[in-house]
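Following: one structure in structure tokens, then a few remarks.
Order of the sequence lines sets the chain letters (A, B, ...), proteins ahead of strands, with each chain counted from 1. Values in this document were obtained by computation on a predicted structure and should not be read as measured data.
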There are 2 protein chains.
Amino acid sequence: MKDEVVKLVINIFERIHPLSENLKEKIFEGSDVIHIKKKDVLLNIGETSKYIYFIYNGSLRSYYLDQEGKDNTSWFLFENELAISVYSFFTQKPSFEAVETLEDCVLLRLSFKKLQQLYLEFPEFNYIGRILTEQYYIRSEEKANSLRMLSAKERYQQLIERYPEIIKRASLGYIASYLGITQHTLSRIRSKV
Amino acid sequence: MKDEVVKLVINIFERIHPLSENLKEKIFEGSDVIHIKKKDVLLNIGETSKYIYFIYNGSLRSYYLDQEGKDNTSWFLFENELAISVYSFFTQKPSFEAVETLEDCVLLRLSFKKLQQLYLEFPEFNYIGRILTEQYYIRSEEKANSLRMLSAKERYQQLIERYPEIIKRASLGYIASYLGITQHTLSRIRSKV
DNA sequence: CTAATTTTTTGCCTTATGGCAAATTTAGAA
DNA sequence: TTCTAAATTTGCCATAAGGCAAAAAATTAG
């Protein structure tokens with residue numbers, strides 16, 4: 001199992017920049033495959049994010065609690081994507097957001113500490129880290145721009161266009177908060193489309 | 001002038017990771033100081049972003065045009081910050097957003113091509129690039145989360161708390177679109193506070 | 001398979017925000 | 001300084017989205 005998962009990750013990395021055999025071995029040694037049930041929590045609010053996850057199977061979401069304690073989904077993540085709590089992992093400070101599974105998952109886990117070692121020992125690995133960070137950053141900008149420029153309905157339409165599976169795999173309540181609207185509004189939008 | 005500006009940039013970089021003398025020289029050689037007037041355009045919609053800018057003096061904004069052709073500010077940037085059009089610069093594809101100055105500016109400019117050369121010639125420079133990308137990425141996530149979770153009034157209050165000078169340096173219309181609301185709404189929020 | 005729980009839809013009314021238009025203030029140019 | 005243009009505020013009304021509550025549908029557990 002681990003062989004297969006690590007192979008896939010390395011494959012994704014190598015589309016960005018070749019890896020030395022030594023680095024590949026270190027990635028293999030430093031990471032673990034974990035199996036985790038639906039609705040299990042990978043990171044609690046207030047906890048510092050210590051791991052980056054690669055999603056081999058399943059899906060995750062991260063969410064914030066607002067003033068009234070309602071949870072607002074900030075990201076959905078699926079197969080072949082990397083999952084972290086952006087602020088907490090990058091700064092190594094306590095998280096304002098939580099991360100949980102939406103489905104049973106198979107994840108590859110690498111610790112922050114190990115990752116830093118790899119970055120320092122293999123400077124070229126920073127190239128890959130930089131490119132991946134850029135790619136997720138672009139998606140973050142897209143999110144902000146949709147929220148700014150599009151109506152609730154348009155945001156919903158854009159979401160199902162770009163990530164059609166999201167509707168099958170996440171509940172309406174989660175999707176609504178991700179779009180910055182209430183369940184009721186989303187339900188109404190759907191009934192009209 | 002150029003000495004002073006490059007020194008400041010390198011100083012900022014060195015807070016992240018030390019630079020070899022050779023790399024410092026290459027940064028100096030590869031970059032140009034440019035003086036540019038208020039309201040001048042650094043990047044047009046449809047154009048591919050070829051430069052990254054360091055703001056020594058002045059301020060910039062980037063903006064999108066919505067369906068009706070109204071412009072919506074996506075970022076404000078001030079002294080000691082780096083400015084790019086995120087999507088276009090990272091992907092080297094035509095930009096959906098434009099970048100213009102809000103004030104007369106003194107900028108340090110480095111081409112995408114030169115930057116890639118530096119990344120390849122000095123692998124450790126990717127470390128700095130990665131960390132900076134992470135920092136701006138965090139800010140992008142904050143923007144998206146504010147738009148999702150806070151009311152127009154709360155977003156305005158958060159903005160003046162975190163970036164108080166923004167009010168003196170950007171017009172209300174720009175600030176309103178950055179907050180995802182109309183000028184009128186922002187004007188009303190201000191009159192009530 | 002049935003009961004219990006969760007998720008989704010719907011109705012009614014309130015509130016926040018937008019659209020248009022005009023008045024006022026501020027900034028810029030001659 | 002004075003004139004002109006741009007930015008900001010305000011009023012009035014329309015529309016989008018939220019709050020509360022309950023019904024309906026779907027999922028899960030026993």
Q. Quick one: hydrophobic cluster around A/Leu147, which other residues, with the 4.5 Å side-chain cut-off, linked directly or via members?
A. B/Leu147
Q: Starting at atom CZ of B/Arg188, determine the distance to atom P of C/dA21, rounded to an integer number of angstrom.
A: 15 Å
Q | Atom-pair distance (CG on A/Asp104; P on D/dT28), nearest Å | A | 11 Å
Q. Whole-Å distance between D/dT9 C1' and B/Tyr156 OH?
A. 13 Å
Q: Mind calculating the distance between CZ (A/Arg155) and P (D/dA16) to the nearest angstrom?
A: 14 Å
Q) On DNA chain C, nearest-nucleotide positions of B/Ser151 versus A/Leu172: which is more 5'? A) A/Leu172
Q) Does anything in residues 176-186 of chain A reach DNA chain C, meaning a heavy atom under 4.0 Å, and if so which residues? A) A/Gln183, A/His184
Q. Can a salt bridge be assigned to the pair B/Lys24 and B/Glu14 using a cut-off of 4.0 Å between side-chain N and carboxylate O?
A. yes
Q | Lys/Arg-Asp/Glu bridge criterion (N-O < 4.0 Å) met for A/Lys114, A/Glu29 | A | no
Q. Counting just side-chain N and O atoms, does B/Arg190 come under 4.0 Å of either OP1 or OP2 of D/dT8?
A. no
Q) Phosphate oxygens OP1/OP2 of D/dT28: is one of them under 4.0 Å from a side-chain N or O of A/Lys39? A) no
Q. Taking CG from B/Asp66 and P from C/dG18, how many angstroms apart are they, rounded to a whole number?
A. 12 Å
Q | All ring pair (Phe, Tyr, Trp, His ring centres under 6.0 Å) counterparts of A/Tyr64, not counting sequence neighbours | A | none
Q: State plainly whether the residues A/Glu100 and A/Lys39 are in salt-bridge range, i.e. N to O under 4.0 Å.
A: no
(Q) Strictly below 4.0 Å: does B/Lys153 bring a side-chain N or O up to OP1 or OP2 of C/dT17? (A) no
**Q.** Distance in angstrom units between B/Ile175 CD1 and D/dA7 P, rounded
**A.** 13 Å
Q | Side chain of B/Ser187 (C-beta onward), nearest among D/dT8, D/dT28, C/dG19 | A | D/dT8
Q: Quick one: label A/Ser171 by what it contacts on the DNA or RNA (base, sugar-phosphate, nothing), any heavy atom closer than 4.0 Å.
A: sugar-phosphate
Q) Hey, is B/Asp104 close enough to B/Lys37 for a salt bridge, meaning N to O under 4.0 Å? A) yes
**Q.** Whole-Å gap separating C1' (C/dT17) and CG (B/Leu147)
**A.** 15 Å
(Q) Just the rounded figure in Å: distance from C1' of C/dA16 to CG of B/Leu150. (A) 15 Å
Q | Cationic N near anionic O, under 4.0 Å, A/Glu141 to B/Arg139 | A | no
